[in-house]
Amino acid sequence: MPVLTTRLSGSVACLWLACMGAALAQTPAQTPVQILGAAPVPAQAPVPPKPKWPVSTYLFTSFQGSGDGLHLSVSDDGKAWTDLGKVFLKPTVGSKLLRDPHILRGPDGVFRMVWTTGWKDKGIGYAASTDLIHWSEQKYLPFLEGVKGTNNAWAPETVYDEKTGQYVITWSSDIDGRFPKTKSTERMNNYTYFVTTKDFVTFSTPKVLIDPGFDHIDTTIVKNGKRYIAVFKEGDKQKTKEWGAVRWAVADTVTGPYKLMPTPLVSGQRAEGPTLVTMGDTTRLYVDYYADKRYGAYETTDWQHWTDVSSDVAVAKGQRHGTVLKAPAWLVTNLEAAVPSTEAVAPVPAPPPVLEGYTADPAIRVFGDTYYLYPTSDKPNWQTTDFSVWSSKNLVEWKNEGMILDVAHDLTWAKIEAWAPDVIEHNDTYYMYFCAQGNIGVATSKSPKGPFKDALGKPLIAKGTGVQTNTIDPYPFIDDDGQAYLYYGNGKLGNVVKLKPDMITVDGAVGTIAMKDHREGVVVFKRGGKYYFMWSIDDARSPNYRVGWGTADSPLGPVTSPDEGFIVLQKHGVAVGTAHHSVVNVPGTDRWYVAYHRHALPEGGGYQRQTVLAKMEFTPDGAIKPMDPLVAPFKPGDVGEPIKNGRGRP
């Protein structure tokens, strides 16, 4: 059964005095939670500097007073919270309150907020945003307006169901005549209801989500491994001062059925508004001790043993029933400087990725009648150890063909940091060039699907080979005369070497090519007698990671870039970090496509990315047109770009 233990720290009362302006009164020991009294605040350790590219930033939604609007506070660690000092959305629907705001960012990058619009309203509020500054027109969702005996609709939340691709909206309602066994004159008879939707326009019929055998409110749901856990607050008996416990139930699917766990998480306290956030292997539970105007916090790694970390957590002054969500650091920076907008703006979603999971640095190639994608398989801090390949007959439907090289076991000279592969065919053999531990290696196979075998037993280009560069991001190119080149580099200059006909031997010295604002990820292709060079600018962890271009009369440069239209792929709306790309031409046509990565949605960053496609077009004089990462190259139902007899469709 769950056991909540208290971590002894002497800062509880003084933290709340400093951060909330009110003292934390000492309370008797309770089971299973014990809240200790005050003690002097120890000297604070120096605050370490913020990393330039933080992995996670957290936002806490809230309201003040009776429901004035959306407030947001921010934290780097989910413990010390700072209010941003603004109302980001003022309510205009229902009874025109905004209480209990819950925000969920969907896989399309859109933030969707639901809230309580009034004490006796029979529906909830809804609005959407891509930046939390500009919001769509507010809507009142009248889920129970036609249900006789409905008294309220409180504390809605939204969960995304990955299995069905739909959203589940939950809330608490007291409906006369329902659940007569728990009807009481001492408290309302609220139960959790839900609807499902894919578009927030049409909704299923409301149904009961959880029946634990008692009335309850404030349900919140988190995915824990393969199961879903619902946490909710049992109703209070105000007259007799019997305070309902914070309870939990478990289900195999979002919509249940839920099984009540026998032991409460928090009992004997006036706690409500539970909210959960997952931080690695740890789940943190926040509860609103509403009578004391403070928050409690508890952590677990197994949902059986809990630690009270309330002494480490200081929420923003005036924090009321809200929820915690992860947010990109760049977005929080924008929120800090923003002036909230009152103009209704319809959010623009991002197109879905073409590959499942976290992938980056995609190399796209066509061999025969099949397209192939060779990406980096993202893992924390880029500590990747293997490569896989995906195939497609039309650029629309992709199949994972499995692992093609296991760096950790197939190489003698490197074990980790397997990045940025690319494959090219020559004389019926497929050559894969790749990064491993700061070196560039080469492996061979008789099939584009692998498996690939290390060709040299050592790096093709060892770490440090080159001028002002890091030895990463290889890109092979074979010119019309049969000469093969390998481009690579991370730094101010790009690097290039010729390859001998065996494709595994460097022919001559390393050359350098100056490219405007070059950072990494060079791509070279030929069109209309010109050599096109494209490359990535900035850091992969930056939201402003982007693609520039230029042309040359030789595969060795020099490269000239235009003054206008130099950047052809960059962040837009929810799509950020849009770079490290490659290019494919549909055989026999002048149709071109780009595969690139962006920061993953909804919660990715520089270490969690997704592979996306875009259509690349040219002006009549051969300039590359800018590409919009919010525009998908194909619509649902499109046939894509099939290849037959070595040519694409007319």
Side-chain angles (χ1 to χ4, degrees), residues 56-63 70-74 78 88-89 98-117 123-136 138-139 141 143 153-172 192-201 203-204 209 218-224 228-232 253-255 273-279 283-286 321-328 331-332 335 346-350 352 573-574 599-605 608:
S56 295
T57 305
Y58 301 93
L59 291 173
F60 209 145
T61 71
S62 180
F63 68 97
L70 174 63
H71 291 253
L72 295 171
S73 57
V74 61
F88 287 91
L89 185 67
L98 194 158
R99 299 173 61 88
D100 321 320
H102 178 268
I103 295 177
L104 175 73
R105 197 182 200 199
D108 58 1
V110 176
F111 293 96
R112 294 174 171 87
M113 182 169 66
V114 291
W115 68 90
T116 304
T117 60
I124 64 172
Y126 168 75
S129 174
T130 56
D131 59 9
L132 301 179
I133 301 166
H134 303 86
W135 290 87
S136 67
Q138 297 178 43
K139 293 183 179 180
L141 305 180
F143 293 145
W154 290 350
E157 295 203 5
T158 305
V159 185
Y160 182 71
D161 187 350
E162 296 175 355
K163 291 183 179 180
T164 62
Q166 62 187 1
Y167 295 88
V168 179
I169 305 175
T170 67
W171 71 94
S172 301
T192 303
Y193 292 81
F194 79 97
V195 296
T196 60
T197 182
K198 289 190 174 182
D199 55 12
F200 286 80
V201 176
F203 304 88
S204 65
L209 180 68
D218 299 351
T219 296
T220 188
I221 297 174
V222 67
K223 189 175 183 182
N224 180 256
Y228 290 87
I229 298 178
V231 176
F232 43 88
T253 65
V254 179
T255 55
T275 187
L276 300 158
V277 64
T278 301
M279 301 173 172
T283 299
R284 183 178 296 157
L285 166 68
Y286 301 84
H321 187 155
T323 51
V324 177
L325 67 151
K326 295 179 183 178
L331 183 132
V332 173
L335 290 173
V348 180
V574 298
H599 291 183
L601 297 169
E603 294 182 351
Q608 290 181 326

Spacing of Gln138 atom CD and Leu89 atom CG [to the nearest 0.5 Å]: 4.5 Å
Set of salt bridge (Lys or Arg N to Asp or Glu O under 4.0 Å) partners for Arg105, sequence neighbours left out: none
Arg284 side chain vs Gly78 backbone, donor-acceptor pair below 3.5 Å: yes
Thr278 backbone acceptor or donor facing Lys326 side chain under 3.5 Å: yes
Partners of [X] by side chain to side chain donor-acceptor pair (under 3.5 Å), sequence neighbours excluded?
X	value
Tyr160	none
Thr192	His216, Thr219
Thr170	none

Phe88 side chain near Leu335 side chain, heavy-atom distance below 4.5 Å: yes
Ring pair (Phe, Tyr, Trp, His ring centres under 6.0 Å) with [X]: which residues, sequence neighbours excluded?
X	value
Phe60	Trp81, Tyr286, Tyr295
Trp171	Phe143
Tyr126	Phe200

With sequence neighbours excluded, what pairs up with [X] under the side-chain contact (heavy atoms from CB on, under 4.5 Å) test?
X	answer
Thr253	Thr255
Ala155	Asp100, Asp218, His321
Ser129	Asp131, Trp135
Thr130	Val110, Pro347, Val574

All pairs passing salt bridge (charged side-chain N to carboxylate O under 4.0 Å, His left out) where residues 156-171 contributes a residue, at least two apart: Glu162-Lys223
side-chain contact (heavy atoms from CB on, under 4.5 Å) partner of Leu325, the single match among Thr275, Thr57, Leu59: Leu59
